[in-house]
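Order of the sequence lines fixes the chain letters, A, B, ..., with proteins taken first and strands second; residue numbering starts at 1 for each chain. What's counted below: heavy atoms across the whole structure, side chains too, no hydrogens, waters or symmetry copies.
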There are 2 protein chains.
Amino acid sequence: MGEYQLDTVLSAVADPTRRAILDRLRVSDARVTELAREFPISLNSTSKHIKVLERAQLVERHVRGRDHVLSLRAEALGEAVAWMTQYREFWEQRLAALEAFVLADADSDVDGDTDAVAGTTSGAER
Amino acid sequence: MGEYQLDTVLSAVADPTRRAILDRLRVSDARVTELAREFPISLNSTSKHIKVLERAQLVERHVRGRDHVLSLRAEALGEAVAWMTQYREFWEQRLAALEAFVLADADSDVDGDTDAVAGTTSGAER
DNA sequence: TTGATATTCACCCATGGGGGTGAATATATG
DNA sequence: CATATATTCACCCCCATGGGTGAATATCAA
């Protein structure tokens with residue numbers, strides 16, 4: 001819960017490949033080889049990235065025989081968001097501008113959920 | 001606005017010293033030497049960290065004579081928060097648990113602002 | 001048992017990053 | 001002008017990291 005965990009989570013998420021893996025796992029669970037096939041890196045690199053994400057507690061591994069099934073466990077992002085929330089007043093306006101981007105990017109999220117960002121902004125007015 | 005900016009911001013913020021600098025600048029603007037005095041690193045290291053934060057557009061530099069005054073410009077965090085918002089459903093519950101932590105940590109924030117996280121959480125309920 | 005598949009382990013390589021020191025540059029000030 | 005202060009520049013060092021390859025390990029399937 002401390003600085004260290006924040007370091008781990010933020011540096012894990014600072015890598016574009018790892019963000020892509022998380023984005024992919026948002027769609028469905030996947031095995032290591034499946035992930036490796038979907039990204040332009042080797043199986044070994046994929047394995048390493050997964051280990052980093054595991055250390056950051058952003059994914060969870062379920063071993064079933066020889067298959068390792070990865071699933072998203074993004075609770076750890078909460079700490080990062082909590083830290084950034086301290087700077088809320090700075091990015092409030094910017095979030096509004098980025099709202100369109102998020103909505104366009106989150107195709108699997110087009111129902112009543114879509115007002116999440118607006119909810120954040122309105123909840124933070126002073 | 002793209003992946004690159006996200007990389008820059010997240011990796012900038014992944015370093016504890018740089019987060020400490022941002023936290024410090026939340027209190028007030030400061031010169032490079034002032035910041036260096038307040039952290040257990042050399043003036044040169046401080047200068048480098050500031051350059052990283054500048055590149056990520058998290059701080060702004062105003063040169064007045066030989067003094068370089070740094071001020072917080074954390075709008076760039078909006079993009080990071082926007083990305084993490086896609087994982088909102090995962091950290092919602094966790095944010096509630098971390099709320100106490102944020103409140104305890106943000107001493108300069110003890111007025112009506114304190115319901116910010118709660119606002120986010122309630123705004124995102126489904 | 002034998003062979004195929006899934007994943008990791010043990011390395012190697014190159015790059016970048018955080019930390020440091022000492023010199024250069026720019027601006028104040030006596 | 002001469003000197004002190006503020007900041008950066010040019011390096012150096014070390015280690016972590018992303019990427020790769022080839023071998024080991026474990027499990028499945030024939």
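Take the nearest nucleotide of DNA chain C for A/S47 and for B/T17: the residue whose nucleotide is more 5' is A/S47. Between A/V32 and B/S45, the residue anchored nearer the 5' end of DNA chain C, judged by the nucleotide with its closest heavy atom, is A/V32. Toward the 5′ end of DNA chain D lies the nearest nucleotide of B/E34, the other residue of the pair B/E34 and A/D15 mapping further downstream.
Contact check, B/H49 against C/dG19: a side-chain N or O comes under 4.0 Å of OP1 or OP2. The phosphate of D/dG18 has OP1 or OP2 within less than 4.0 Å of a side-chain N or O from A/R18. For C/dG20, the OP1/OP2 oxygens have a side-chain nitrogen or oxygen of B/S42 closer than 4.0 Å. Contact annotation: B/H68 side-chain N/O to D/dT8 OP1/OP2 distance is under 4.0 Å.
At a cut-off of 3.5 angstrom, counting only N and O atoms as typed in the model, there is no donor on one side facing an acceptor on the other between the side-chain of B/K48 and the base of C/dG17. In the interface, the side chain of B/N44 is paired with the base of C/dG22 through a donor and an acceptor atom under 3.5 Å apart.
Between A/H49 and A/N44 there is no side-chain heavy-atom pair separated by less than 4.5 Å.
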Check your understanding: Do A/L70 and A/E60 pass the side chain to side chain contact (heavy atoms under 4.5 Å, CB included) test, and can you show the C-alpha distance, the side-chain angles, and the key distance before you say yes or no?
Key -> CA-CA 6 Å; A/L70 291 320; A/E60 206 174 68; over 6 Å; no
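Under the 6.0 Å distance and 45° angle rule, A/R73 does not count as a cation-pi partner of B/F90.
Out of D/dT5, C/dA4, D/dT8, the shortest distance to the side chain of B/R66 is found at D/dT5.
The separation between A/L43 atom CG and C/dA10 atom P is 16 Å, rounded to whole Å.
To the nearest 0.5 Å, atoms OG1 (A/T46) and CG (A/L35) are separated by 7.0 Å.
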